[in-house]
Asks: 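A single structure is presented below for examination.
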2 protein chains.
Amino acid sequence: MMVDNRNELDRCDCNVIHENVVNEVREKMPDEENLYDLAELFKVFGDTTRIKILWALAESDMCVCDISVLLNMTQSAISHQLRVLKQARLVRNRKDGKIVFYSLDDAHVKQIFNQGLIHINEK
Amino acid sequence: MMVDNRNELDRCDCNVIHENVVNEVREKMPDEENLYDLAELFKVFGDTTRIKILWALAESDMCVCDISVLLNMTQSAISHQLRVLKQARLVRNRKDGKIVFYSLDDAHVKQIFNQGLIHINEK
DNA sequence: AAAACATATGAATAATCATTCATATATATT
DNA sequence: AATATATATGAATGATTATTCATATGTTTT
């Protein structure tokens, strides 16, 4: 009995229309892992509070309290988001007595943001 | 009676530590609207399925069915995500009979993705 | 030592959202 | 005309997550 080896997968409820296109694109797709990491990075950028924090830190190092005042949000909310940013290795912190200063830990953030703004303001 | 006009806001449960820093950063912050739009854009990028679709379309125009097969997902799931991408003006479509072809509607997407990959692979 | 302060964090809540399922629409084929 | 195909879409569901609240930790001041 012949095996059905068309490019038709169980999850897809339609037929392949352009098999060559699919195969060519498949070859050029980055690794699953890279695409996952990329989505995770953008997920971090996809929140107004975190965008604001990053933009602020691009201007100057700031302590948690300063950021809370700047964004008019509770210290707790800011601390939680700083943790997310730190886990994504987008910010780092240094302690000075009871004050903790945060700073940007990536030179590309501003560039990525500017690229995004270009898209937004284009149309 | 004196008005308390320190830079202390009701939402923040701590005192300003570096008022000058806060004021300087505040001046340089982009408009609230721009920051919101930026977060919205990155929110769209912050999903593996959408990242994959965009990356695929950067290689070649594809119909909905092709994309479903490529990503091994249902046509419905792909259609829903294509709608999100279209609303974000990241893709456009053209109809050819009963087939609908989607293509990238923005030249910067690939650049933004590459910047993101640089961050990911840096450390 | 006690009080005040800056920050961190766990649990709860509310909101958002990706996918699925069922079905609708539009076009092509028989 | 009837059937098959490609795509779109509304509702439901389950998962994720941003903020709040309460509280813990660590440091400084009195």
Side-chain angles (χ1 to χ4, degrees), chain A residues 6 8 10-18 21-22 35-36 39-40 42-54 61-88 91-102, chain B residues 6 8 10-18 21-22 36 39-40 42-54 61-88 91-103:
Chain A
R6 283 171 300 161
E8 206 169 321
D10 44 355
R11 302 296 307 279
C12 176
D13 45 1
C14 55
N15 301 309
V16 177
I17 302 184
H18 310 94
V21 171
V22 172
L35 292 173
Y36 179 82
E40 286 303 303
F42 288 130
K43 211 172 284 181
V44 175
F45 290 154
D47 175 84
T48 314
T49 300
R50 288 192 293 264
I51 286 268
K52 287 178 185 172
I53 293 175
L54 289 171
D61 293 9
M62 295 181 89
C63 68
V64 179
C65 178
D66 285 349
I67 301 173
S68 307
V69 173
L70 175 69
L71 303 187
N72 194 29
M73 293 179 66
T74 64
Q75 171 269 319
S76 179
I78 299 299
S79 267
H80 278 294
Q81 295 299 1
L82 283 169
R83 195 155 78 99
V84 174
L85 292 172
K86 199 181 172 190
Q87 280 170 344
V91 305
R92 58 171 171 268
N93 58 10
R94 70 174 192 280
K95 213 173 169 187
D96 184 10
K98 60 184 170 181
I99 303 177
V100 179
F101 288 95
Y102 280 82
Chain B
R6 284 170 300 162
E8 207 168 321
D10 45 356
R11 302 297 305 279
C12 176
D13 44 2
C14 55
N15 302 309
V16 177
I17 301 183
H18 310 94
V21 171
V22 172
Y36 178 82
E40 287 302 303
F42 289 129
K43 209 171 285 177
V44 175
F45 290 153
D47 175 84
T48 314
T49 301
R50 288 191 293 262
I51 286 268
K52 287 177 183 171
I53 293 175
L54 289 171
D61 294 9
M62 295 180 87
C63 67
V64 179
C65 179
D66 285 349
I67 302 173
S68 306
V69 173
L70 175 69
L71 303 187
N72 194 28
M73 294 179 65
T74 64
Q75 171 269 318
S76 179
I78 299 299
S79 265
H80 278 295
Q81 295 300 0
L82 283 169
R83 195 155 77 101
V84 174
L85 293 172
K86 198 181 172 190
Q87 279 169 344
V91 306
R92 58 170 171 267
N93 57 11
R94 69 173 192 279
K95 211 171 170 188
D96 183 10
K98 60 183 172 182
I99 304 178
V100 178
F101 288 96
Y102 281 81
S103 57

Asks: Quick check: on DNA chain D, is the nucleotide nearest Glu40(A) upstream (toward 5') of the one nearest Asp96(A), or the reverse? Name the residue that is more 5'.
Replies: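 Result: Glu40(A).
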
Asks: Measure the distance from CD1 on Ile78(B) to C1' on dT19(C) and round it to the nearest whole Å.
Replies: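 Atom-to-atom, Ile78(B) to dT19(C), this comes out as 11 Å.
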
Asks: Between P on dA4(D) and CD1 on Ile99(B), what's the gap in Å once rounded to a whole number?
Replies: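 About 19 Å, once rounded to whole Å.
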
Asks: Without decimals, in angstroms, what is the distance between Met73(A) CE and dA18(D) P?
Replies: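 Whole-Å distance recorded here is 10 Å.
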
Asks: Would you mind telling me which residue lines up with the more 5' stretch of DNA chain D, Gln81(A) or Ile17(A), judged by nearest nucleotide?
Replies: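 Nearest-nucleotide comparison on DNA chain D picks Ile17(A).
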
Asks: I need the minimum non-hydrogen distance between Asp61(A) and Val21(B), along with the two atoms involved.
Replies: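 Closest heavy-atom pair between Asp61(A) and Val21(B): O-CG1, 4.0 Å.
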
Asks: Under 3.5 Å, is there an N or O donor on one side and an acceptor on the other linking the side chain of His80(B) and the base of dT20(C)?
Replies: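 Such a pair exists between side chain and base.
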
Asks: Could you tell me the separation between the CZ atom of Phe42(A) and the C1' atom of dT16(D), rounded to a whole number of Å?
Replies: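 It works out to 20 Å between those atoms.
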
Asks: With respect to the side chain of Ala77(B), which nucleotide from dT7(C), dT19(C), dT7(D) is positioned closest?
Replies: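 Selected nucleotide: dT19(C).
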
Asks: Using a 4.0 Å heavy-atom cut-off, does Lys86(A) contact any base of the nucleic acid, only the sugar-phosphate backbone, or nothing at all?
Replies: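 No contact at all - Lys86(A) keeps every heavy atom at 4.0 Å or more from the nucleic acid.
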
Asks: Whole angstroms only, please: what is the CD-P distance between Gln87(A) and dA8(C)?
Replies: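 Between P of dA8(C) and CD of Gln87(A): 12 Å.
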
Asks: Quick check: does any side chain N or O of Arg50(B) sit under 3.5 Å from a backbone N or O of Ala39(A), one acting as donor and the other as acceptor?
Replies: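 Judged by distance alone, no pair lies under 3.5 Å.
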
Asks: Output the single nucleotide from dA18(C), dT9(D), dG10(C) whose closest atom is nearest the side chain of Arg83(B).
Replies: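 Output: dT9(D).
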
Asks: For the residue pair Val64(B) and Tyr102(B), what are the closest heavy atoms and their distance?
Replies: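 Shortest heavy-atom separation between Val64(B) and Tyr102(B) comes out as CG2-CE1, 3.5 Å.
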
Asks: Which heavy atom in Ala88(A) sits nearest to a heavy atom in Val44(A), and how many Å separate them?
Replies: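 That would be CB-CG2, 4.0 Å.
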
Asks: Classify the nucleic acid contact of Phe101(B) as base, sugar-phosphate or nothing, counting any heavy atom under 4.0 Å across all strands shown.
Replies: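 Phe101(B): no heavy atom of the nucleic acid under 4.0 Å.
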
Asks: So which nucleotide from dT9(C), dA8(C), dT7(D) ends up closest to the side chain of Val100(A)?
Replies: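 Of the candidates, dA8(C) comes closest.
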
Asks: Quick check: are there more than 12 heavy atoms from other residues, nucleotides or ligands sitting under 6.0 Å from CZ of Phe101(B)?
Replies: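 More than 12 within 6.0 Å, yes.
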
Asks: Would one find a side-chain N or O of Tyr102(A) under 4.0 angstrom from OP1 or OP2 of dA8(C)?
Replies: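 It does, given that an N or O in the side chain of Tyr102(A) lies less than 4.0 Å from OP1 or OP2 of dA8(C).
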
Asks: Would a 4.5 Å heavy-atom cut-off, applied to side chains only, mark Met62(B) and Val22(A) as touching?
Replies: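 Answer yes - side chains close enough.
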
Asks: Without decimals, in angstroms, what is the distance between Leu82(A) CG and dA8(C) P?
Replies: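 In whole Å, dA8(C) P and Leu82(A) CG are 7 Å from each other.
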
Asks: Among the candidates dC17(C), dT7(D), dA18(D), find the nucleotide nearest to the side-chain atoms of Cys65(B).
Replies: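 Of all the options, the side chain of Cys65(B) is nearest to dT7(D).
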
Asks: Give a yes/no answer on whether the side chain of Ser76(B) brings an N or O atom under 4.0 Å of OP1 or OP2 in dT20(C).
Replies: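 No.
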
Asks: Report the nucleotide, chosen from dG10(D), dA8(C), dG26(D), that has the shortest atom-to-atom distance to any side-chain atom of Lys98(A).
Replies: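 Within the option list, the nearest is dG26(D).
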
Asks: How close or far is atom P of dT7(C) from atom CZ of Arg92(A), stated in whole angstroms?
Replies: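 Atom-to-atom, Arg92(A) to dT7(C), this comes out as 18 Å.
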
Asks: To the nearest Å, give me how far apart NZ (Lys52(B)) and C1' (dA18(C)) are.
Replies: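 Value for this atom pair: 13 Å.
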
Asks: Can a donor-acceptor pair under 3.5 Å be found between the side-chain atoms of Gln75(B) and the base atoms of dA8(D)?
Replies: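 Looking at the base of dA8(D), it does pair with a donor or acceptor on the side chain of Gln75(B) (distance under 3.5 Å).
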
Asks: Can you tell me if Thr74(B) touches the phosphate of dC21(C), counting only side-chain N or O atoms and a distance under 4.0 Å to OP1 or OP2?
Replies: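 Answer no for this pair, as no side-chain N or O of Thr74(B) is under 4.0 Å from OP1 or OP2.
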
Asks: Between Arg50(A) and dA18(D), does any side-chain N or O lie under 4.0 Å from OP1 or OP2?
Replies: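 Yes, such a contact exists.
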
Asks: Classify the side chain of Ser79(B) versus the base of dT9(D) as yes if they form a donor-acceptor pair under 3.5 Å and no if they do not.
Replies: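 Such a pair does not exist between side chain and base.
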
